[in-house]
Amino acid sequence: MDATAAAPHTSRAPWERMAHGGGLLTGAGELSGTVFEEMSRLAARTGAINLGQGFPDVDGPPEMLDAAAAALRGGGNQYSPVAGVPQLQEAVAEHQRRFYGLEPDPASGVVVTVGASEGLAASLLAFLRPGDEVVTFEPHYDLYGAVVEFAGARLVTVPLEPPRFSPDLDRLAAAFGPRTRVVILNDPHNPTGTVFDDAVLSRVVGLAAEHDCVVVTDEVYEHLRYGGAHRPLATLPGAFERTLTVSSVGKTFSATGWRVGWVSGPEHLVGAVRATKAYLTHSAATPLQLGAAAALRLPDAFYEDLAEDFRQRRDVLVQGLAAAGAEPFEPQGTFFVVADVRALCERHGVGDATALAPVLAERSGVVGVPVPALASAAHRDLYGTWMRFSFGKRRDLLEQAAQRLAG
Ligand code: PMP
Ligand code: GLN
């Protein structure tokens, strides 16, 4: 086993990053929150096609919009209970049963949150104390690093190595230690599009049991799966009792701006999340929770069509990137494709994906997210020439983006 495999997250603290971030890629010099926001600003400034920040460019299902509008007009405009409106708690529990055979208690085993973001933050803040450690794969969604630091804890990351991005289970085991308190598993995985197989899931469960950790799973892309159904880690033997499962309306129902998400699991864990969440935001927007409840109850055909639609868009972008000289890794989930853009770097005379981002925006009119921005300082170089592109966009835009990249 390689003990050096798991490196601590050594980048700057979030507030320091904020002070620096604005100038990192855009030279804009203003305060910047996240790389996603920064890339959207770059796209807006240059008029480029924004395949950076992941958000759909269509509205969600009409049933969902109608239910929210009816709630808004029908007096559903005051605080909801901290754990959410009972209709949404029920709908989440039903959804977990319908798709996965999981049976969280609707009242005590489901908490509605302000997006998956708050679900993740509340789950981490509920269980972390200063000096604790959290294990996750990298590259990873940026929020994990920031919230772990807010808690005074330390993120220990295990790299998914290009070009296959498959986890090394010995390195994963080596990342656990006496201070490990939480494991975060993002499946399907942003940014790589990897889906973890049963061997990985059961190893995570085994390691979590051995070290008595809470597992927080980030499953916001659960319904964007290609060539197979999603399998939540909580369905593995012995897993449910130590797992908090997090998801949201954002990706499944094209409503990233609604900021409605949820955490489900056993009462003894979900209760701590609810207690923490009460002092973050109290509760999520009431009418939108009612819209989300209607959305979750859509028939299976909605979910099947969604996955098929995204699979077709994935193929358009993967083929387009390959035709443009990049080397894409075909994702099995999410609406992201990562690609080795070495050839594009050479064509544009720059050294890596971070330098390429503003150049591509200006010259080709396309924005992607440099993968090094989602990696720790220790492993950033592994992803130097990798860039993430989102296919959560209209097909004609994806085709146009690919042509621009090739030109
Ligand atoms: N986790 C991952 C992996 C994500 O990509 C995102 C961004 N959508 C989130 C969490 C946050 O989700 P939400 O918008 O529901 O807060
Ligand atoms: N989840 C989206 C992404 O990875 C963006 C979310 C955000 O802007 N924080 O691109």
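Only heavy atoms go into these numbers, but all of them, side chains included; no hydrogens, no water, no symmetry mates. What you see is a predicted model, and the numbers here were worked out from it, not measured in a lab. Indexing begins at 1, ligand by ligand and atom by atom, following the structure's order.
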Exercise. Do Glu308 and Gln312 meet the criterion of a side-chain donor-acceptor pair at a distance under 3.5 Å?
Worked result: yes
May I ask you to list the atoms of ligand 2 that are less than 4.0 angstrom from any heavy atom of [X]?
{"X": "Gly54", "result": "2 (C), 3 (C), 10 (O)"}
{"X": "Tyr221", "result": "1 (N)"}
{"X": "Lys251", "result": "1 (N)"}

Exercise. Is Tyr221 near ligand 1, meaning one of its heavy atoms is under 4.0 Å from it?
Worked result: yes
Carboxylate-amine/guanidinium contact [X] [Y], below 4.0 Å:
{"X": "Asp300", "Y": "Arg98", "answer": "yes"}
{"X": "Glu327", "Y": "Arg342", "answer": "no"}
{"X": "Arg231", "Y": "Asp198", "answer": "yes"}
{"X": "Glu38", "Y": "Arg41", "answer": "no"}
{"X": "Arg181", "Y": "Glu133", "answer": "no"}
{"X": "Asp197", "Y": "Arg203", "answer": "no"}

Identity and separation of the nearest protein heavy atom to [atom]:
{"atom": "atom 8 (N) of ligand 1", "value": "Lys251 NZ, 1.8 Å"}
{"atom": "atom 12 (O) of ligand 1", "value": "Ala116 CB, 3.6 Å"}
{"atom": "atom 9 (N) of ligand 2", "value": "Tyr141 OH, 3.0 Å"}
{"atom": "atom 1 (N) of ligand 1", "value": "Asp218 OD2, 2.5 Å"}

Exercise. Any N or O on Tyr141 sitting closer than 3.5 Å to an N or O of ligand 1?
Worked result: no
Exercise. Evaluating non-hydrogen atoms only, which member of Gln53, Glu38, Arg388, Met39 is closest to atom 8 (O) of ligand 2?
Worked result: Gln53
Exercise. Where on Ser117 is there a heavy atom closer than 4.0 Å to ligand 1, on the side chain, on the backbone, on both, or on neither?
Worked result: both
Exercise. Quick one: does ligand 1 sit under 4.0 Å from the side chain of Arg259, the backbone, both or neither, non-hydrogen atoms only?
Worked result: side chain
For ligand 1, which atoms sit closer than 4.0 Å to a heavy atom of [X]?
{"X": "Asn186", "answer": "3 (C)"}
{"X": "Gly115", "answer": "15 (O), 16 (O)"}
{"X": "Asn190", "answer": "3 (C), 4 (C), 5 (O)"}
{"X": "Ser248", "answer": "15 (O)"}

Exercise. Is any side-chain heavy atom of Pro328 closer than 4.5 Å to a side-chain heavy atom of Phe389?
Worked result: no
For this session: Specify side chain, backbone, both or neither for Leu143, according to which of its non-hydrogen atoms lie closer than 4.0 Å to ligand 2.
Result: neither
For this session: Mind telling me whether His211 and Phe176 have parallel, tilted or perpendicular rings, with 30° and 60° as the class edges?
Result: tilted
Short side-chain to backbone donor-acceptor contact, [X] and [Y], under 3.5 Å:
{"X": "Arg259", "Y": "Thr256", "value": "yes"}
{"X": "Thr334", "Y": "Phe336", "value": "yes"}
{"X": "Asn186", "Y": "His189", "value": "no"}

Exercise. Taking N or O atoms only and a 3.5 Å limit, does Phe36 qualify as a polar contact for ligand 2?
Worked result: no
Exercise. N/O of Asp142 under 3.5 Å from N/O of ligand 2, yes or no?
Worked result: no
Exercise. For Glu267, does the CD atom sit with more than 12 other heavy atoms under 6.0 Å from it, leaving out its own atoms?
Worked result: no
Exercise. Contact between Phe55 and ligand 2, counting heavy atoms under 4.0 Å?
Worked result: no
Exercise. Hey, does Phe335 sit under 4.0 Å from ligand 2 if you only count heavy atoms?
Worked result: no
